[in-house]
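The structure appears right after this line, and notes come after that.
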2 protein chains.
Amino acid sequence: MSRPTQNDWSGCPTRYAAGIIGDKWCFLLMRDILLHGKRTYGEFASSPEGISTNILANRLATLEAAGMLTREIDPRKGSRVCYFPTRKLRDLLPALLGIMVWSTKYDPQTEAPASFAASHQKDPLATVAWYEAEIDRIDAEIVGT
Amino acid sequence: MSRPTQNDWSGCPTRYAAGIIGDKWCFLLMRDILLHGKRTYGEFASSPEGISTNILANRLATLEAAGMLTREIDPRKGSRVCYFPTRKLRDLLPALLGIMVWSTKYDPQTEAPASFAASHQKDPLATVAWYEAEIDRIDAEIVGT
DNA sequence: CTGTATCCTTAGGGATACTG
DNA sequence: CAGTATCCCTAAGGATACAG
């Protein structure tokens with residue numbers, strides 16, 4: 001069976017991701033959407049990292065252009081804008097989960113362990129259950145293909 | 001059982017990662033080390049993305065300071081420097097695999113599918129086998145804790 | 001070959017004011 | 001509240017020369 005060897009990475013599948021994930025603000029915004037359930041401009045702007053409004057607008061446009069989110073009117077309340085994750089963004093969740101597990105293990109700043117870290121250490125299977133529930137919740141929100 | 005809820009992300013485990021992964025050059029260098037088996041300054045410099053030497057030196061120092069790699073003399077050939085992945089970096093492989101799978105699915109630039117993409121589509125289990133072999137190969141190289 | 005150092009230009013991005 | 005626009009400064013980083 002042919003499996004990838006070391007010298008066959010001409011079309012390296014990570015270079016593409018580097019353009020989107022390899023940007024601090026895009027990365028944090030995707031986190032906010034996928035993991036924190038944030039959907040509105042104001043919610044993004046209030047993140048503890050303190051993104052400035054021009055950068056926020058710029059990155060929202062970037063992510064929309066990259067097909068990671070869609071900009072729509074809030075179905076519940078007219079004249080209010082919401083950003084929804086696309087399937088493409090949703091599919092990044094497994095990778096994000098991997099990053100979270102890694103950070104939980106190595107981040108020295110996590111003074112009081114977050115509930116994720118706690119439950120993950122106690123029972124990794126609980127993390128899987130959490131992950132799948134998260135997937136379901138986001139799937140229910142994805143509108144287009 | 002307590003599992004993470006949406007409003008409990010005060011100690012968000014992704015913010016830490018954003019500082020390391022959320023940088024294009026660090027991201028690509030970690031890819032080179034983990035997936036392309038690159039170990040020397042010249043090998044990094046010759047990557048198709050064309051990193052300039054001052055940035056390369058800067059990021060190698062950053063990654064070393066972050067405990068992601070160690071700088072050592074080549075055991076086989078004296079007076080030649082090599083950079084080895086630490087366990088901390090190695091543990092990022094699962095996340096990187098997730099990113100690769102994602103890119104393989106969505107990167108429109110992947111004109112000729114890489115062997116990874118091909119084998120992954122043909123048989124996902126082959127990817128797992130590839131991944132475990134990769135882990136073993138890197139583990140054999142990790143020197144310190 | 002493995003880096004360092006310097007120059008210099010551009011882009012990133014914070015602060016803030018402004019608009020619908 | 002959801003942005004847009006401007007100002008302005010710093011840092012990122014490309015090119016290149018130099019050193020061990």
Side-chain angles (χ1 to χ4, degrees), chain A residues 15 17-33 36-66 68-86 141 143, chain B residues 14-15 17-33 36-66 68-85 141 143:
Chain A
R15 193 182 310 125
I20 301 171
I21 298 173
D23 176 86
K24 177 190 166 190
W25 293 120
C26 283
F27 184 83
L28 290 172
L29 282 177
M30 293 191 290
R31 169 205 67 176
D32 283 345
I33 292 182
H36 299 201
K38 299 193 175 184
R39 295 289 179 270
T40 69
Y41 194 91
E43 287 171 341
F44 299 136
S46 69
S47 283
E49 288 84 14
I51 189 173
S52 57
T53 59
N54 54 346
I55 302 302
L56 175 55
N58 175 273
R59 293 305 196 277
L60 285 175
T62 298
L63 288 173
E64 192 184 2
M68 306 295 279
L69 47 81
T70 58
R71 188 179 181 281
E72 291 167 31
I73 304 297
D74 191 323
R76 298 159 311 211
K77 190 181 178 183
S79 85
R80 189 191 182 84
V81 176
C82 278
Y83 297 88
F84 292 103
T86 61
E141 247 184 318
V143 187
Chain B
T14 55
R15 192 183 310 127
I20 301 170
I21 298 172
D23 176 86
K24 177 190 166 190
W25 293 121
C26 284
F27 184 83
L28 290 172
L29 281 177
M30 291 190 292
R31 170 205 67 176
D32 283 345
I33 292 182
H36 298 201
K38 298 191 175 184
R39 294 290 180 269
T40 68
Y41 194 90
E43 287 170 340
F44 299 136
S46 69
S47 283
E49 288 83 15
I51 188 172
S52 57
T53 59
N54 54 343
I55 302 301
L56 175 55
N58 175 275
R59 293 305 193 278
L60 284 175
T62 298
L63 288 173
E64 192 184 3
M68 306 295 278
L69 47 81
T70 58
R71 188 180 182 281
E72 290 167 33
I73 303 298
D74 190 323
R76 297 160 310 212
K77 190 180 180 184
S79 85
R80 187 192 184 84
V81 175
C82 278
Y83 296 89
F84 291 103
E141 248 184 318
V143 186

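Heavy-atom basis, side chains included; hydrogens, waters and symmetry copies ignored. Throughout, a chain's letter reflects where its sequence line sits, starting with A, and its residues are numbered from 1.
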With [X], which residues qualify under side-chain contact (heavy atoms from CB on, under 4.5 Å), at least two apart?
| X | value |
| --- | --- |
| B/A18 | A/F27, A/L28 |
| B/S52 | B/N54, B/I55 |
| B/A66 | B/I20, B/M68 |

I need the [atom1]-[atom2] distance between [X] and [N], as an integer number of Å.
| X | N | atom1 | atom2 | value |
| --- | --- | --- | --- | --- |
| B/L60 | C/dC1 | CG | C1' | 14 Å |
| B/L28 | D/dA12 | CG | C1' | 15 Å |
| A/F27 | C/dG12 | CZ | C1' | 19 Å |
| A/Y83 | D/dA2 | OH | P | 9 Å |
| B/E49 | D/dA12 | CD | P | 20 Å |
| A/N58 | C/dA11 | CG | P | 13 Å |
| B/L56 | D/dG13 | CG | P | 12 Å |
| B/E43 | C/dG3 | CD | P | 12 Å |

- Item | All pairs passing salt bridge (charged side-chain N to carboxylate O under 4.0 Å, His left out) where residues 19-29 of chain B contributes a residue, at least two apart |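 For residues 19-29 of chain B: B/D23-B/R59.
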- B/E49: partners by salt bridge (Lys or Arg N to Asp or Glu O under 4.0 Å), with sequence neighbours left out: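 Per chain and number, B/E49 pairs via salt bridge (Lys or Arg N to Asp or Glu O under 4.0 Å) with A/R15, B/R31.
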Identify the pairs formed between an N or O of the protein and an N or O of nucleotides 13-19 of chain C at a distance under 3.5 Å, and give each distance.
unit_1, atom_1, unit_2, atom_2, d
C/dG13, OP2, A/R59, NH2, 2.4
C/dG14, N7, A/N54, ND2, 3.4
C/dG14, O6, A/N54, ND2, 3.1
C/dA15, N6, A/N54, ND2, 3.2
C/dT16, O4, A/T53, OG1, 3.0

- Within a strict 4.5 Å, meaning less than it, do heavy atoms of the B/V81 and B/R71 side chains meet?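 SC-SC contact between B/V81 and B/R71 confirmed.
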